[in-house]
Amino acid sequence: SSTDENGTKIRKVKVAFDQSSKPISYIDENGNPTGYDVEVMKLVDKLLPEYEFEYVGTTSDDLLLGVEQGKFQVGVKNAFWTEERTKKFIYPKEFLGLSSTGLVLKKENKEIKSLEDFASAGYTLAPIAANNAQYTVIDEYNQSHPDNKIKLKAGETFSVDVVQWVNEGRVDGGVMIEGPFKKQVEEKNGPYHHLVNDVVYNEFAVIKTWPLFNKKEQEFADAYDQAIKQLQEKKETNELSKKFYGRDLFEVLDQAKK
Amino acid sequence: MEKYFDASYIFKSIPMLLPFLKVTFIVTGLSVMFGTILGFILAMGKIGKGKIARKIANGYTTALRCTPSIVLLFLVYYGVPALLEKFSVQTSNVDKIVFVVITFSLQFGAFMSEVIRSAYESVDKGQFEAAVSVGLSPFQAYRRIVFPQAFVVAIPNFGNSLLELIKEGSLAYTIGLIDVMGKANLIIASNYNAHALEIYLALSIIYWIISIVIEQVFLKFEKGFSKGKQSLKST
Amino acid sequence: MLEIKNVHKTFGKSEVLKGVNLSISKGDVVVILGPSGSGKTTLLRCINFLERADQGQAVFGNMNVNLKAATKKQIHEVRQKVAFVFQNYNLFNNKTALENVTEGLIIGRKMIKEKAIEIAKKSLDKVGLSDKYNAYPNELSGGQQQRVGIARAIALNPEIILFDEPTSALDPELVGEVLNIMKKIANEGTTMLVVTHEMSFAQDVANRVVFMDEGTVVEEGTPKEIFTQPKEERTQQFLKRVLPKEYIYYI
Amino acid sequence: MLEIKNVHKTFGKSEVLKGVNLSISKGDVVVILGPSGSGKTTLLRCINFLERADQGQAVFGNMNVNLKAATKKQIHEVRQKVAFVFQNYNLFNNKTALENVTEGLIIGRKMIKEKAIEIAKKSLDKVGLSDKYNAYPNELSGGQQQRVGIARAIALNPEIILFDEPTSALDPELVGEVLNIMKKIANEGTTMLVVTHEMSFAQDVANRVVFMDEGTVVEEGTPKEIFTQPKEERTQQFLKRVLPKEYIYYI
Amino acid sequence: MQGSFNLEFLVDTFFVALSGVPTALIITIVALIVASPFGFLLALTRINRIPILSQFSRIYVSFVRGTPVIVQIFIIYNSVPLVISSLFSKLHIDKNVYEVNPIWYAFIVFSLNTIAILIEIFRSSLITVSKGQLEAAQSVGLTNVQAYRRIIIPQALVVALPNICTATVNLIKATSLGYAMSLPEITLKAKVAANVGYNYVEAYIDIFLVYLIICSLTEYGFKLFERKLSSYKTTTAKGGQQYA
Ligand SMILES: Nc1ncnc2c1ncn2[C@@H]1O[C@H](COP(=O)(O)OP(=O)(O)OP(=O)(O)O)[C@@H](O)[C@H]1O
Ligand SMILES: Nc1ncnc2c1ncn2[C@@H]1O[C@H](COP(=O)(O)OP(=O)(O)OP(=O)(O)O)[C@@H](O)[C@H]1O
Ligand SMILES: [Mg+2]
Ligand SMILES: [Mg+2]
């Protein structure tokens, strides 16, 4: 720690982010960290003069372990809330953002609106990395619907290109967050814009996302809560949601799951 | 497949990938340096008379030969800090490249110990005997006669191990190191996972060229150093 | 000049040398004969400390050494006096013919380079290799390689040269080449202890022939004595088997 | 029995055989002499199609073969008539002595196993190896290995056996062993063509000696003719260099 | 680590990891079986310098040996289905390429990889058998095929075996990268188990142990086999290469 010109103590903290999860958190062409989660944290930093944030890009495996081990004080990676994680991390009181999570399907399957529908149809799902909370979402669904399970497979993020896989029929559906889907398919210069009439995105939940704090960082988490409240009141998070996800998800906050 | 494949991504991504070879080379260079030192120590254990040293050196080699790099990488990356914390040594400020280098030094040391041992043993015992019989001390005999010949034998195997190391080093992306492989994954992520195939093709071209260059360089080395080396005898 | 007393050597369980005694005067050429496995090579190697004897004494001139317990310094001294010519040459593969010869002089004897090269050239000339100074061993024929081995030994100006079957790795046509060189050196008065199967060499050059079997000296004498009137039955048997027909009339 | 006409063979740019003619009658033992590189090995190999000649004819009994253009079938037939004994034995390392001999009989000749074993044992007995049936090559001494090679050749009951320096890879003590066997076989009337440096064998056993140099037959005749009155200068030179002193009086 | 070391998890997950062993072994065995004949034939094309084919196998070997396995996996995993499905649609074969188990991708990747490794192994071991062995076989009347089958290959195999052993161990290890193809092998299974309670260190220790066990058993097995195969060599005195 060091001191600023006013003599207040400044504490340096490491903020880990998943570096390959555009548009939530990523490294832009110039090598700078950005994305919804990162930009929110940057605003938080501005409101917390006693902290100085340093952003460390990494993989989500490393992020989870690094925060747990204390290598990083906090980590952002579009993290959902799960029971197991509360044992390893501090969840602050206030969430960081919202994530529209949905199923990517072929046009002809657009009637499938929920995980129940998907499971009853007996469809195959694109693999999800085991440490991704989407995996937990599906897993939890399976546990609460033992008679109507979804075929869940663990895999590797880089090798799974959900839109392409669904379109070519390698799988019937994949879990995706709305932001990337929009950027990929719906935007004019998106790499899969030509598939805009072939695949659909059916939201099945809006889920709150959280920063994960190291267990020793209760004080820091409290400071974060203060700051994020101000930001949400000033609607700054809404702006960022529009910027990165193309939609103000805070409009549907009332439907959001924890 | 035309729908998904766009060769222009290959050419676009190569210049983006190349600067990150620096990281790959740093990891490789440091691992070669430390690994070779470790390899020497292990090889000495294997060659020497000490039974325990030999057992340890051989056991170490077997264990590392039997461990996938990715597993070793994770064990070092997660295990070493956990272990050090028990002795209240803080590792949170240590760059992850350090763990990568530790991992591959450990592995390269195992490779090298075999390279060194077999090179040493390939030099006929008579060479040493002839050297001492013309009045060289054992140390002089090793330095001037045995080692230079062993070195020539070791060159191609060293080259192979080096190639192996560079390839295995690509797995450092799994802990988030941004070398060429890591950068490739960042590019893919910035395309929202689209066009991964093209990026990987670009990556494989880069690796392939490096390997060809290294192979050629080592062939040159081998030719240059093998003056007087006896041609292969038929058995 | 060289006296060896009661040399014993065991490998694992087999006793290879069972108390060998030998004495060689200055200028002598002594040939050791004996069937394969009788311990000839082992004896030479013990003399030069390439193998540690289990027991035994050696007297080199006025220097008395325990073959079992010699110190590093003593070994070094012995090796200055004794040169070894190997059956399979053992030239330094990474050195040219000239470097093979200078190596022992410059590094072992700490001679200055110019001097060493001069001596090396002289001894290579002596074995007829004036045109091969810069050839690497693998560029030389077997006979040439063995001659470099001999040049390497004589350049050290040793008091005695040990030869271990110096021609047995050579093609029949190259044998003559090497034997002629050895004769020449013998005639110059160098003391030599030679293990060989070349009976004609033994006959023409040796002052004394030693017949070994099963780790002991069975019989020794002048070539004439050994070849024409061997006393021991074992010697007779061996010679009958080894000597070409032309010699048989001797026996 | 065997007649060879105008054999030519070139390796790269060097012409190794420059039109060799040779004729061998049944029961003959012909020895080929000649300096290293004169093409002796190449000639034998061409006869057995281990090397393809560039030109030439061979007549085996009543079978006329073009050495350049022989068909697979003809080659197979020739190899049934001609056996080869290699300088460096070339025993099948992964087969026992007995299997080395039966291999050609069972697989090459399609003989039933029992018969083949019977024949193989007989020929191994003939070369004095009745106690080594089940030994692998690396368990045999050089002389024993070469004798297995000979047994392998004679078991095929060939019309002619080609020997390529069958003793030059042997220790001096083992040479006699093999030469004796060869004499025995020669005395039984087997036709043999032998490349060798063993003058005493040539003298004792050969009906005819052929001297080759630089790819041609320089001179041929009875051993006596060649050894005592060589006509060509090149033959004289060669013999002077190769013959041991004891023979020199011949010349 | 705040969460202290979880021994119970370590033990439980060991068996989870162990349950991935059959997958790893099946891939290894299939790859070896598929690759052997190709590797052998291509090695022969190199030894005999068959035009085109020998150049092809050289480039092929160079590519496979020059690029990381993980990159090869990504390439195959991304491209094979595309190629096949466009092929099928051109040929009007109405079959869904994508209903395949990911293990098929593993078979393809590792077989292609192993072919290259085996080409090199076979090539180098075949040239250690001296030409004289072939000539001797010919001279007693064996055909080339017979000579290879009965004399050359048995001898080459002995030389090749240590290298085949290394290749096999490397192959088993490389299957750990199957996670990239969602292949439920040792590593992925343990990782999924670890995910529940974030017990990664324990999981990786388990994975390490499992690989250590199967790879050392493999090495041991090969050693036994080698001893049997080289019975004709057993009496070779291995000169102690220790320097005095
Ligand atoms: N390093 C060793 N370890 C074990 N036994 C050995 C060793 N060196 C030699 N022997 C054995 O000692 C015996 C004598 O060997 P030595 O080489 O002295 O015989 P030799 O008379 O020189 O025979 P040759 O004429 O065959 O060279 C042999 O039985 C040999 O097997
Ligand atoms: N495969 C080959 N390729 C090129 N040149 C060869 C080959 N085989 C033999 N030669 C050359 O052909 C010449 C004759 O060789 P060959 O082996 O027939 O001689 P040789 O009379 O048997 O000699 P030696 O007594 O040394 O065995 C030599 O100059 C040799 O270098
Ligand atoms: Mg000896
Ligand atoms: Mg020849």
Side-chain angles (χ1 to χ4, degrees), chain B residues 43 47-51 54 115-159 218-235, chain C residues 41 44-45 47-51 72-73 75-97 99-111 116 120 134-140 145 148-149 151-158 161-162 164 169:
Chain B
I47 293 162
K49 295 211 174 76
K51 268 210 179 105
R54 188 154 63 229
V115 171
I116 294 168
R117 183 189 60 79
S118 63
Y120 170 82
E121 287 179 352
S122 76
V123 181
D124 184 54
K125 186 174 154 223
Q127 295 286 314
F128 176 85
E129 293 186 341
V132 295
S133 82
V134 298
L136 272 59
S137 71
F139 176 75
Q140 288 169 330
Y142 282 127
R143 191 167 57 82
R144 300 190 49 91
I145 306 297
V146 178
F147 287 153
Q149 293 182 52
F151 183 68
V152 179
V153 179
I155 288 173
N157 295 329
F158 177 82
F218 273 85
L219 272 182
K220 285 258 156 60
F221 267 157
E222 210 185 327
K223 278 211 188 101
F225 281 112
S226 59
K227 269 241 152 83
K229 192 185 160 197
Q230 232 140 26
S231 49
L232 277 179
K233 283 182 217 141
S234 51
T235 29
Chain C
T41 298
L44 294 199
R45 291 169 59 84
I47 296 175
N48 205 23
F49 293 100
L50 293 175
E51 214 78 72
K72 269 194 183 172
K73 200 163 146 262
I75 293 177
H76 196 71
E77 249 173 281
V78 169
R79 285 184 179 152
Q80 308 259 327
K81 293 177 203 281
V82 180
F84 203 101
V85 177
F86 295 85
Q87 167 173 6
N88 50 352
Y89 334 136
N90 279 342
L91 297 191
F92 306 134
N93 300 322
N94 57 333
K95 309 260 172 199
T96 61
E99 289 166 353
N100 259 279
V101 182
T102 57
E103 188 70 17
L105 299 173
I106 299 175
I107 311 297
R109 295 270 162 98
K110 316 247 172 292
M111 198 177 275
N134 296 316
Y136 282 96
N138 67 341
E139 298 162 357
L140 297 171
Q145 289 191 41
V148 175
R152 181 169 70 179
I154 57 178
L156 295 166
N157 189 26
I161 306 182
L162 313 177
D164 187 12

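FYI, side chains are in, hydrogens and waters are out, and symmetry mates aren't considered; it's all heavy atoms of this structure. In the text below, chain A, chain B and the rest are named by the order of the sequence lines, each starting its count at 1.
The heavy-atom pair separating C/H76 from B/G135 by the smallest distance is CE1-O, 3.1 Å. Nearest heavy-atom pair across B/Q127 and C/F92 is OE1-CA, 3.2 Å. Closest non-hydrogen pair, C/N48 versus B/S133, comes out as ND2-CB, 3.4 Å.
Put simply, the side chain of C/R109 does not reach to within 4.5 Å of the side chain of B/V134, judged on heavy atoms. By the 4.5 Å heavy-atom criterion applied to side chains, B/F151 and C/N94 are not counted as neighbours.
Proximity to chain B involves both the backbone and the side chain of C/I107, based on heavy atoms less than 4.5 angstrom apart. The contact between B/A131 and chain C is made by backbone and side chain atoms together, counting heavy-atom distances below 4.5 Å.
Between C/K95 atom NZ and B/I145 atom CD1 the span is 5.0 Å, to the nearest 0.5 Å. Atoms CD1 and CD, from C/I106 and B/Q140 in turn, are 11.5 Å apart once rounded to the nearest 0.5 Å. Between B/D124 atom CG and C/N93 atom CG the span is 8.0 Å, to the nearest 0.5 Å.
With chain B as the partner, the residue from C/L91, C/N100, C/V85 showing the most heavy-atom pairs under 4.5 Å is C/L91.
Around the NZ atom of C/K110, the shell of radius 6.0 Å holds more than 12 heavy atoms that belong to other residues, nucleotides or ligands. Within 6.0 Å of CZ in B/F221 there are 12 or fewer heavy atoms belonging to other residues, nucleotides or ligands.
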